[in-house]
Number of protein chains: 2
Amino acid sequence: MAEPEHEALQERKRGSGVKRVYELLRDEILDLKLPPGSPIDEVHLAERFGMSRTPIREALVRLAGEGLVETLPNRSAMVSNIDFVNLHTFFDAITLMYRVTTRLAAQYHRPEDLDRIRALQVSYAAAVDAQDALAMVAINRDLHAAIAEAGRNPYFTTLTLRLLDEGRRILRLYYQSFDDRLPREYVDEHEAIIAAIAARDVDLCDRLARAHADQIVRQVQQFFARDQRMNVAL
Amino acid sequence: MAEPEHEALQERKRGSGVKRVYELLRDEILDLKLPPGSPIDEVHLAERFGMSRTPIREALVRLAGEGLVETLPNRSAMVSNIDFVNLHTFFDAITLMYRVTTRLAAQYHRPEDLDRIRALQVSYAAAVDAQDALAMVAINRDLHAAIAEAGRNPYFTTLTLRLLDEGRRILRLYYQSFDDRLPREYVDEHEAIIAAIAARDVDLCDRLARAHADQIVRQVQQFFARDQRMNVAL
DNA sequence: GCGCGATTTCTTGTCGACAAATAAAATGCA
DNA sequence: TGCATTTTATTTGTCGACAAGAAATCGCGC
């Protein structure tokens, strides 16, 4: 019998329910705590969070809108699968978004954007030094999200965020394969990109972002190519 | 007293309610029948569609996810405003998506894609000949959507669709300014793009798509620059 | 023992109702 | 009369319940 999530026997405020379950469910999906393909039972979640099915439902609809859960009519929703067959479409998209958002950041960033980006870069380097792969993945997402924000194009920012989140699941599979020796080179590449943004050098940003993305893509592809899990997951 | 939408006193099937109200509401927003900024009353919609508030609510959540309605906590949802100040971000985004999806279409299209695209192009030319601006806008959307589909990258396709829909509202304002003499040149440009896709000429696709997008952007920008409505809407 | 249909169970989709939160109206006071 | 405060009214957010659809179970005939 699942307890109603320790702290919250009562709801704190009126609109907080959906937000809580949305964010937590989201995190659990992206952290692979809820494995792709696993079914999602509404009543189960309702008792777990100690609330009615209505707010659960709304959270699921939102997650479905972002492609994180799939819903079939009259059947249980499930955590959406990672499409290994068409993984290249993901790589194409995130490579382009890396390039575009970095270019725009070079054009439109403001001083406070650079402060945020540099602070994240410090955290990123610390995570690499500490060999903390999980933190590294999470901060990498936040770093590129901050760069996208600095570009100030909401359409590109939205797509980039979606790709970064989807990428969190993929990188999770990737980085958990080598628990030691996190690549120091990403830190240097980030450093170069940030410098190019600060210098407002658009072309250099484009080249660096493309090289950065290509490098990640190459490594992840190599990993999936030699890993059996890929074929199993098909 | 609003009648429950003529035909449907009873629901046809179980899951059809949300879909119906979602699509209709969506169309009304994109056709500017529901002007930007107008509030959306849930109970009003509920009686209008002859159903409970629950499915209405779900449709609104979905529309909010696509950015077509904005919701404030404990306050009425409203049709999202068109952000004239940052219109250039929209133009940047749709220009890039035109280029990318057309390139990808050249690479990955299949014969049946070309059939669909050519059929839409015929409809488009017919709409131009008939001086039907509304149909022209709608078919233009479907045509570029079909091109994006042929490119087979769901991330780009999703963003392109969102931009095309948002663009439907903007083009609506634009085209209703001149009711006669619809530009024949767009037909020719489309024709050239389709030929380049069929020839699988990626570079040509890129150039043509960019020129096509730039041309539309230029015209619309000129329109908004000289139109007072822009400043009013700020 | 096994295939196939009926029945039961289980989960979702929808409903009507109630309470919280906000907006609007009315009241009191200077 | 003008402003602050209380009261009312409207609208959302959440709830529990019920019915429809689909999956699982059971029963029956072969």
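Naming convention: chains lettered A, B, ... in sequence-line order (proteins, then strands); numbering from 1 in each chain.
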Asker: Using modelled atom types and a 3.5 Å cut-off, is there a donor and acceptor pairing between side-chain atoms of A:T95 and backbone atoms of A:A213?
Answerer: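 Checked: no pair found.
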
Asker: Any salt bridge between B:D142 and B:R116, counting N to O under 4.0 Å?
Answerer: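 Answer for the salt bridge query: no.
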
Asker: Within this structure, what is the CE-to-P distance between A:M78 and C:dT11, rounded to whole angstrom?
Answerer: 17 Å

Asker: Using the salt bridge (Lys or Arg N to Asp or Glu O under 4.0 Å) definition, which of the options B:K33, B:R168, B:R20 pairs with B:D27?
Answerer: B:R168

Asker: Which of residues 68-75 of chain A have a heavy atom under 4.0 Å from DNA chain D?
Answerer: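 Listed by number, they are A:N74, A:R75.
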
Asker: Base, sugar-phosphate, or nothing: which does A:T54 touch, judged by heavy atoms less than 4.0 Å apart?
Answerer: base

Asker: Between atom CD in A:E42 and atom P in D:dA17, what is the gap in whole Å?
Answerer: 17 Å

Asker: Expressed as a whole number of angstroms, how long is the span from B:E47:CD to C:dC15:P?
Answerer: 13 Å

Asker: Take the protein atom CZ of B:F49 and the nucleotide atom C1' of C:dC15, then report the distance between them rounded to whole Å.
Answerer: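 Interatomic distance, CZ of B:F49 to C1' of C:dC15: 17 Å.
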
Asker: Rounding to a whole Å, what distance do you find between B:M51:CE and C:dG16:P?
Answerer: 12 Å

Asker: What does B:I56 touch in the nucleic acid at a heavy-atom separation under 4.0 angstrom: a base, only the sugar-phosphate, or nothing?
Answerer: nothing

Asker: Without decimals, in angstroms, what is the distance between A:R14 CZ and C:dC18 C1'?
Answerer: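 That distance rounds to 10 Å.
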
Asker: Write down the distance between CG (B:D41) and C1' (D:dT12), rounded to a whole number of angstrom.
Answerer: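 From B:D41 CG to D:dT12 C1': 10 Å.
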
Asker: Testing A:L34, A:V69, A:V79, A:L30 one by one against A:L25 for a side chain to side chain contact (heavy atoms under 4.5 Å, CB included), which residue passes?
Answerer: A:L34

Asker: Select base, sugar-phosphate, or nothing to describe what B:I40 touches, counting heavy atoms under 4.0 Å on all strands.
Answerer: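 The residue B:I40 makes sugar-phosphate contact but no base contact.
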
Asker: I'd like to check the ring-ring contact (aromatic ring centres under 6.0 Å, His included) partners of B:H109; sequence neighbours left out, ordered by chain and number.
Answerer: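 Not a single residue meets the ring-ring contact (aromatic ring centres under 6.0 Å, His included) criterion with B:H109.
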
Asker: Parallel, tilted or perpendicular: which one describes the rings of A:H190 and A:H144, with boundaries at 30° and 60°?
Answerer: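 Judged by the thresholds at 30° and 60°, the geometry between A:H190 and A:H144 is perpendicular.
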
Asker: Does NZ or CZ of A:R152 lie under 6.0 Å from the centre of the six-membered ring of A:Y108, at an angle within 45° of the ring axis?
Answerer: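 No, A:R152 does not sit over the ring of A:Y108.
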
Asker: So which one's nearest nucleotide on DNA chain C is more toward 5', B:R53 or B:E58?
Answerer: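 Result of the comparison: B:E58.
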
